[in-house]
Amino acid sequence: MANNALNTPVVLRATSLVASSLPAGSSPAYQQYILSQALDFTNVAKKANEAGDGAYDAQVRNDAQDVQLLDHEIRLGDAEAQIQSLGTRLTSAESAIVSLDGRVTAAESDIEFLTNELIAVHGDIADLQTDVSSLQSDVSDQESRLTQAETDIDDIQDDYVSKAATTAQSLASSLGVATSFSIDGVKVLGPRQTGWTPGTGTANLGTFNADQSFTVGAAYSQAEVQAIANELIAARKRILALEQAMRTHGQID
């Protein structure tokens, strides 16, 4: 915190000194010495006041930089916490998808059972064709329907995403939803947030030490302030990298 005492000027109580105020009989050399000392004291006080003003202004600027650096550190921590929260919510969404895989597998088992039943009925009809000629047209219709059902089943088996398979699967097209992704009625991923003005500069994707400490002496030095300024730039570059990552994934724009 800035020392207000540095901003208080030095005041000389003896504002003027002339030769007539010196003791009578003083030598010219002594008078010149005394008068030059008064001028020197005035110059020293002026320089002391200028140095005090400069030191006070430097402390005020350093205090402002400390406040700005603390604000950036807090914002960086909040951004990292939000990214971690999104990761947790995505993990929950994946668990829900796995649960739906099991339900699709059960439905596939039911379809297979019904297919086997249709095949068995087809075999019975073939055995009865010689005795029930009047039913041949119906049998032919059933065969056509069975063929279509088998074709539909083949199409489904060739073009569907299994939720029980362990091998990698993919969709040829993008997956879109009307509003948001939800789990048990709770939204976990919503529409893109707009209104963000893109940051500029160079993003920092490399090593980043959030616990970096700085040496600050009782009297601030240029090297100490420059070290803090350099790390402030590194923090801003990391913030830009996080913003660009969220923008690339479509979370903000």
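All values derive from a computational prediction rather than experimental measurement.
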Check: Is there a side chain to side chain contact (heavy atoms under 4.5 Å, CB included) between Leu146 and Gln142 once you walk through the steps?
Finding: CA-CA 6 Å; Leu146 178 58; Gln142 292 295 328; over 6 Å; no

Notebook entry, point to check: So Val216 and Ile228, side chain to side chain contact (heavy atoms under 4.5 Å, CB included) or not? Walk me through it.
Noted result: CA-CA 9 Å; Val216 179; Ile228 295 174; 4.2 Å; yes

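Val186 forms part of no hydrophobic cluster, judged by ILVMFWY side-chain heavy-atom separations under 4.5 Å.
Residues Ala241 and Leu205 approach most closely at CB-CD2, 3.4 Å, considering heavy atoms. Considering all non-hydrogen atoms of both residues, Ala164 and Thr105 come closest at CB-OG1, 3.2 Å. Across all non-hydrogen atoms, the minimal contact from Lys187 to Ser182 is CA-OG, 3.6 Å.
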Sequence neighbours left out, cut at 3.5 Å: what donor-acceptor pairs do the side chains of residues 67-91 make with other protein atoms?
unit_1 : atom_1 : unit_2 : atom_2 : d
His72  : NE2    : Arg236 : NH1    : 3.4
Thr88  : OG1    : Gln84  : O      : 3.2
Arg89  : NE     : Val188 : O      : 2.9
Arg89  : NH2    : Val188 : O      : 2.4
Thr91  : OG1    : Gly87  : O      : 3.0

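Side-chain atoms of Glu143 and His122 form a donor-acceptor pair, as typed in the model, at a separation below 3.5 Å.
Here the CD1 atom belonging to Ile239 is positioned 13.0 Å from the NZ atom belonging to Lys237, to the nearest 0.5 angstrom. Rounding to the nearest 0.5 angstrom, the gap separating the CD atom in Gln129 from the CG atom in Asp124 is 11.5 Å. Put simply, CG on Leu114 and CD1 on Ile153 are 8.5 Å apart, with the number rounded to the nearest 0.5 Å. Annotation: the span from Glu231 atom CD to Ser213 atom OG amounts to 10.0 Å, rounded to 0.5 Å. Here Glu243 contributes atom CD and Thr248 contributes atom OG1; the two are 10.0 Å apart, rounded to the nearest 0.5 Å. Between the OG atom of Ser95 and the CG atom of Leu100 there is a distance of 11.0 Å, given to the nearest 0.5 Å.
The number of heavy-atom neighbours closer than 6.0 Å to CD of Glu112, taken from other residues, nucleotides and ligands shown, is 12 or below.
Phe113 and Ile111 fall into different hydrophobic clusters, defined by Ile, Leu, Val, Met, Phe, Trp and Tyr side-chain heavy atoms under 4.5 Å apart, directly or through other members. Criterion: ILVMFWY side-chain heavy atoms under 4.5 Å apart, direct or through other members. Under it, Ile97 and Phe181 are not part of a common hydrophobic cluster. Cluster membership check: Ile125 does not share its hydrophobic cluster with Leu118, using side-chain heavy-atom separations under 4.5 Å among Ile, Leu, Val, Met, Phe, Trp and Tyr. Taking hydrophobic clusters as Ile, Leu, Val, Met, Phe, Trp and Tyr residues chained together by side-chain heavy-atom distances below 4.5 Å, Ile233 does not share a cluster with Val225.
Among residues two or more places apart in sequence or in another chain, the side chain to side chain contact (heavy atoms under 4.5 Å, CB included) test is passed with Asp127 by none.
At least one donor-acceptor pair under 3.5 Å links the side chain of Glu224 to the backbone N or O of Gly217.
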